Asker: 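There's a structure below that I have some questions on.
Because the structure is predicted, anything quoted here is derived from the model rather than measured. FYI, side chains are in, hydrogens and waters are out, and symmetry mates aren't considered; it's all heavy atoms of this structure.
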Amino acid sequence: MKEKVKFYGSIFILIVFIPYLVTVYLHGSIGGLFSGSGEDEQLEQQVVAQLAAQIPADYEMECLKAQAVIARTNLYREMNETEINESADNTEESVSSDSGWSEEQMRSAWGEDYERNLEKLETAVSETEGEILTYDGDPIQAAYHTASSGKTRNAEEVPGQEEYIYLQSVESEEDIQKDGFLYIGYMEKEEFAAALQQLFPGETVD
């Protein structure tokens, strides 16, 4: 009888604690991603504000959710870097994240669609709440862009980005089909020279 109690008791403990242990493993800390304070809600609101600034609200929901994870990941990475700098008594200012759009900017950009767009972004954020991208337990630098030239680059190809070895080149051929991907314009010689002169003020552009 005692053996049966021990056996079923062990199974019960495993069922209860496995999800907990998996969470700890994935997020790298006992506390998880959130501390359960009002700061969490404030951070999620900041994700909404950044989402508004980073991506059109009329994009598909799954695209908005992916961008929400990217925005949140970068926020956590910057928070971690700030904590490291403070603990090291580093007087250098840490790179602060763009706070995103204010309510005024959202209303100005969206007009009559303000309520609908805001609700859509808030849904994307709430459905991904607490989700971030990590590498070795730390938030990654979640790089993103509107469109590539058909292929992304390895981070090691970009000066100053060599440490982000998880950013590997992938094919992205769909990007070149994006509206506005290629623009062809015509300028007179004088206009072209004037434009170059602004780029190279120290040179004489003939």
Side-chain angles (χ1 to χ4, degrees), residues 14-87 94-103 105-106 109-110 114-148 152-155 161 163-172 174-175:
L14 286 174
I15 291 173
V16 171
F17 283 100
I18 281 179
Y20 174 78
L21 294 174
V22 169
T23 301
V24 171
Y25 174 77
L26 290 177
H27 298 311
S29 66
I30 299 295
L33 292 177
F34 289 94
S35 61
S37 68
E39 294 179 0
D40 306 336
E41 184 178 347
Q42 184 179 358
L43 186 139
E44 291 299 292
Q45 285 301 314
Q46 191 172 353
V47 175
V48 173
Q50 289 201 353
L51 200 57
Q54 293 173 358
I55 190 171
D58 58 359
Y59 274 25
E60 295 293 333
M61 178 56 69
E62 291 306 308
C63 186
L64 295 175
K65 287 162 68 174
Q67 188 66 29
V69 174
I70 287 173
R72 187 183 296 107
T73 298
N74 286 329
L75 278 174
Y76 271 99
R77 179 176 56 81
E78 292 175 7
M79 287 166 58
N80 280 1
E81 290 175 354
T82 299
E83 289 177 3
I84 291 172
N85 287 339
E86 288 177 351
S87 64
S94 60
V95 179
S96 61
S97 174
D98 180 6
S99 59
W101 277 4
S102 64
E103 179 183 344
Q105 288 173 305
M106 293 181 197
W110 296 336
Y114 170 76
E115 296 291 344
R116 180 177 63 85
N117 288 348
L118 180 60
E119 182 180 359
K120 190 175 180 183
L121 297 190
E122 288 179 337
T123 298
V125 171
S126 66
E127 290 188 5
T128 61
E129 183 176 353
E131 295 181 16
I132 65 171
L133 301 166
T134 64
Y135 180 78
D136 280 349
D138 296 320
I140 70 167
Q141 176 180 336
Y144 66 92
H145 56 267
T146 301
S148 71
T152 65
R153 290 194 293 173
N154 293 320
Q161 307 293 307
E163 65 181 292
Y164 305 119
I165 59 175
Y166 46 77
L167 296 180
Q168 296 293 308
S169 175
V170 295
E171 297 291 337
S172 188
E174 295 84 358
D175 284 4

Asker: How many angstroms lie between atom CG of Asn117 and atom CE of Met106, to the nearest 0.5 angstrom?
Answerer: 10.0 Å

Asker: When you measure from the side chain of Ser169 to the backbone N and O of Asn154, does any donor-acceptor pair fall under 3.5 Å?
Answerer: no

Asker: Any side-chain heavy-atom pair from Val47 and Leu43 closer than 4.5 angstrom?
Answerer: yes

Asker: Looking only at non-hydrogen atoms, find the nearest pair between Leu64 and Pro56 and report the distance.
Answerer: CD2-O, 3.6 Å

Asker: About how many Å separate CD of Gln50 and CD1 of Ile70, when rounded to the nearest 0.5 Å?
Answerer: 11.5 Å

Asker: Listed by chain and number, what are the salt bridge (Lys or Arg N to Asp or Glu O under 4.0 Å) partners of Glu62, not counting sequence neighbours?
Answerer: Lys65

Asker: Which residues satisfy the side chain to side chain contact (heavy atoms under 4.5 Å, CB included) test with Ser102, sequence neighbours excluded?
Answerer: Glu104, Gln105

Asker: Compute whether any side-chain donor of one residue and acceptor of the other, for Ser148 and Asp175, lie under 3.5 angstrom apart.
Answerer: yes

Asker: Side chains of Tyr76 and Thr134: closer than 4.5 Å at any heavy-atom pair?
Answerer: no

Asker: Would a 4.5 Å heavy-atom cut-off, applied to side chains only, mark Thr123 and Met61 as touching?
Answerer: yes

Asker: To the nearest 0.5 Å, what is the distance between OG1 on Thr73 and CG on Asp138?
Answerer: 12.0 Å

Asker: Any donor-acceptor pair under 3.5 Å linking the side chain of Thr128 with the backbone of Ala68?
Answerer: no

Asker: Tell me the closest heavy-atom pair linking Asn74 and Ile140, and the distance in Å.
Answerer: OD1-O, 3.9 Å

Asker: Please find the pair of heavy atoms, one from Leu121 and one from Val48, that lie closest to each other, and give the distance.
Answerer: CD1-O, 4.2 Å

Asker: Please assess Gln141 against Glu163 for the test side-chain hydrogen bond (donor to acceptor under 3.5 Å, both in side chains), listing each intermediate value before the final yes or no.
Answerer: CA-CA 10 Å; Gln141 176 180 336; Glu163 65 181 292; over 6 Å; no

Asker: Within the supplied structure, the quantity of interest is the number of heavy atoms (other residues, nucleotides, ligands) at a distance under 6.0 Å from Glu127 CD; does it exceed 12?
Answerer: yes

Asker: Compare every heavy atom of Ala71 with every heavy atom of Gln54, then report the nearest pair and how far apart it is.
Answerer: OE1-CB, 3.7 Å

Asker: Would the distance check show the side chain of Lys120 and the main-chain N or O of Tyr59 forming a donor-acceptor pair, the cut-off being under 3.5 Å?
Answerer: yes

Asker: Shortest non-hydrogen contact from Pro139 to Asn80?
Answerer: CD-ND2, 3.2 Å

Asker: To the nearest 0.5 Å, tell me how far Ile55 CD1 sits from Gln67 CD.
Answerer: 5.0 Å

Asker: Quick one, Arg116 and Trp110 - any side-chain contact, counting heavy atoms below 4.5 Å?
Answerer: no

Asker: What heavy-atom pair brings Ala53 and Gly100 nearest, and what distance separates the two atoms?
Answerer: CB-CA, 4.0 Å

Asker: Given side-chain contact (heavy atoms from CB on, under 4.5 Å), test Tyr135 with Ile165 step by step and report yes or no.
Answerer: CA-CA 10 Å; Tyr135 180 78; Ile165 59 175; 3.4 Å; yes

Asker: Does a side-chain heavy-atom distance below 4.5 Å link His145 with Thr152?
Answerer: yes

Asker: Could you tell me whether Glu44 and Arg72 have a side-chain N and a carboxylate O separated by less than 4.0 Å?
Answerer: yes

